[in-house]
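Below you'll find the structure, written out as structure tokens, and then a few comments.
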Amino acid sequence: MKKFLKANVMCALVTITLVSMLFTGCTKTSDVPDAEKTGTTSTTSELKKVGILQYVEHHALDASRDGFIKALSDNGFVDGQNIKLDVQNAQADQSNLKTISQRFVQNKYDLILAIATPAAQSVASETKDIPILITAVTDAQQAGLVEKNEKPNTNVTGTSDIAPIEAQFDLMMKLLPNVKTVGVMYNSSEVNSKIQADIAIAYADKLGLKHEIGTVTSTNDVAQVTESVASKVDALYIPTDNTFASAIATVVKVANDKKVPIIGSEEGEVTGGALATVGIDYYKLGYKTGEMACDILNGKSKPQDMPIQTATNNDQVIINKSAFTTLGITIPADILSKAKIVE
């Protein structure tokens, strides 16, 4: 009888041990959610939601977007960890701009980045409460986005990409001293482009240059307008215009056929075949905008009190060496020694 009881006790102990091992194996550390290990309770619904609305895809706007996201990350706002990024591109379509803007607002995003003036105007028309950061916008005040660039007094702030237009024309005259007539081409439906075109025309007058104006309302008009203007001028000038930037390959092809050089306004246009520019670094511009967004997300600042910032690094000469070769133009040694060369 004692032997029987002893055997039963041993059996029970073995059973208890096995069950204990089984449950221990089911709750090993690697299977415990990170939130339980760290004591945090972060969920997707609790992440700050940041919407990014880009007007169209081209080098300058892409660089602005990437710089913005990098600034967020460098300052502790990482997608999927404590923020949720929603990146959208309207592909230069007004109905897309409106639809995306409305969705961002209806979903009560914590902050919205609008890249380029049409995107900024679209988002700003949908909300007066959600903080809006803008970049690649020439003049926020003239675009109706803020009361004053120095003190917005609205839910909008950010950075301006106003180009160093006079420096770009001065560069043109050094590279192309025989220019007598310059063609200025831009999208007349974009207020930022009109502002810059007016500055360019006024400075051309000051330099004693004649000018021809070519305006478009979409990329469908670019080839025909370029063909018309290029046949009447010695050089073409393009401000920071989204339509022409996205169609730079078309402009370059037409201009090269007519042996007319192009002075652009940003590096992407020169990389795309324009002759040269004194350009803005759009990545750094976007990064600065991202730093401003971090101050808002951290509760340190409010858009209405944050002045519109401008680029400080806008004196870089950028030259397309292949374009000089194609057009048979010699690059002055003093400019070549200081310029950034692209092919």
Side-chain angles (χ1 to χ4, degrees), residues 54-66 89-93 96 115-119 136 161 163 165 168 171-172 175-176 179 182-190 192-193 196-197 200 212-283 316-329 331 339-343:
Q54 182 173 328
Y55 175 56
V56 71
E57 184 177 3
H58 63 72
H59 176 273
L61 303 191
D62 294 349
S64 296
R65 177 199 64 220
D66 294 345
N89 192 314
Q91 300 298 343
D93 186 291
N96 288 343
I115 307 176
T117 302
D161 67 345
I165 296 171
Q168 291 167 349
L171 175 66
M172 177 177 67
L175 296 173
L176 309 165
V179 168
V182 61
V184 179
M185 303 192 301
Y186 65 97
N187 185 333
S188 57
S189 65
E190 286 195 37
N192 59 300
S193 301
Q196 293 178 89
E212 289 285 337
I213 309 302
T215 61
V216 303
T217 56
S218 75
T219 54
N220 295 331
D221 306 325
V222 169
Q224 182 178 350
V225 169
T226 304
E227 180 84 28
S228 175
V229 175
S231 64
K232 305 170 187 175
V233 301
D234 305 306
L236 293 170
Y237 173 73
I238 303 173
T240 52
D241 180 280
N242 293 299
T243 302
F244 277 94
S246 61
I248 191 63
T250 299
V251 179
V252 169
K253 183 180 185 306
V254 174
N256 282 353
D257 287 345
K258 293 184 175 295
K259 297 296 182 181
V260 176
I262 304 165
I263 300 298
S265 289
E266 52 92 15
E267 183 173 349
E269 292 172 350
V270 180
T271 302
L275 188 72
T277 192
V278 180
I280 293 171
D281 188 325
Y282 275 84
Y283 182 89
Q316 174 69 69
V317 175
I318 306 165
I319 285 174
N320 187 313
K321 193 173 181 180
S322 298
F324 275 84
T325 302
T326 299
L327 296 170
I329 301 170
I331 308 173
K340 177 178 179 180
I341 306 298
V342 299
E343 297 289 344

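Heavy atoms only: backbone and side chains are in, while hydrogens, waters and symmetry mates are out.
A donor-acceptor pair is defined here as one N or O able to donate and one able to accept, closer than 3.5 Å; such a pair exists between the side chain of Thr325 and the backbone of Lys321. With hydrogens and angles ignored, the 3.5 Å screen pairs a side-chain donor or acceptor of Ser246 with a backbone N or O of Asn242. With hydrogens and angles ignored, the 3.5 Å screen pairs a side-chain donor or acceptor of Ser231 with a backbone N or O of Ser228.
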> After noting the C-alpha distance and the side-chain angles of Gln91 and Asn96, does the key distance pass the side chain to side chain donor-acceptor pair (under 3.5 Å) rule?
Replying inline: CA-CA 8 Å; Gln91 300 298 343; Asn96 288 343; over 6 Å; no
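Here the straight-line distance linking atom CG of Asp234 with atom CE of Met172 works out to 9.5 Å at 0.5 Å rounding. The distance from atom OG1 of Thr240 to atom CD of Glu190, rounded to the nearest 0.5 Å, is 9.0 Å. Atoms CD1 and CG, on Ile329 and Leu176 in that order, are 5.0 Å from each other to the nearest 0.5 Å. Taken from CG in Leu275 to CD1 in Ile318, the straight-line distance is 12.5 Å, to the nearest 0.5 Å. To the nearest 0.5 Å, atom CG of residue Asn320 and atom CD of residue Glu343 are 7.0 Å apart. Interatomic distance, OG1 of Thr217 versus CG of Asn187, reported as 6.5 Å (0.5 Å rounding).
Counting only heavy atoms from C-beta outward, the side chains of Val260 and Val233 approach each other to under 4.5 Å. Side-chain contact between Glu267 and Val342 is present, with heavy atoms from C-beta onward closer than 4.5 Å. A 4.5 Å side-chain heavy-atom check between Gln168 and Ile165 finds at least one atom pair inside the cut-off. Within the 4.5 Å cutoff, the side chain of Leu327 has heavy atoms near those of the Asn256 side chain.
Of the candidates Thr243, Ile213, Val216, Tyr186 forms a side chain to side chain contact (heavy atoms under 4.5 Å, CB included) with just one, namely Ile213. Across Val229, Ile238, Val225, a single residue satisfies side chain to side chain contact (heavy atoms under 4.5 Å, CB included) together with Val251, and that is Ile238.
Listed here is the closest heavy atom pair of Val222 and Thr250: CG1-CG2, 4.2 Å. Annotation for Thr215 and Ser188: closest pair CB-CB, 3.9 Å, computed over non-hydrogen atoms. Of all the heavy atoms in Gln316 and Ala339, the pair that sits closest is NE2-C, 4.0 Å. Shortest non-hydrogen contact noted between Gly273 and Ala323 is O-CB, 3.7 Å. Of all heavy-atom pairs between Ala163 and Ile280, the closest is CA-CD1, 4.0 Å. Nearest heavy-atom pair, Val184 versus Ala197, reported as atom, atom and distance to 0.1 Å: CG1-CB, 4.1 Å.
Applying the side chain to side chain donor-acceptor pair (under 3.5 Å) criterion to Ser64, with sequence neighbours excluded, gives no partner residue. Evaluation of the ring-ring contact (aromatic ring centres under 6.0 Å, His included) rule for Tyr237 yields Phe169 as partners, not counting sequence neighbours.
Each salt bridge (Lys or Arg N to Asp or Glu O under 4.0 Å) pair with one or both residues in residues 240-263, not counting sequence neighbours, appears once here: Glu227-Lys258, Lys253-Asp257.
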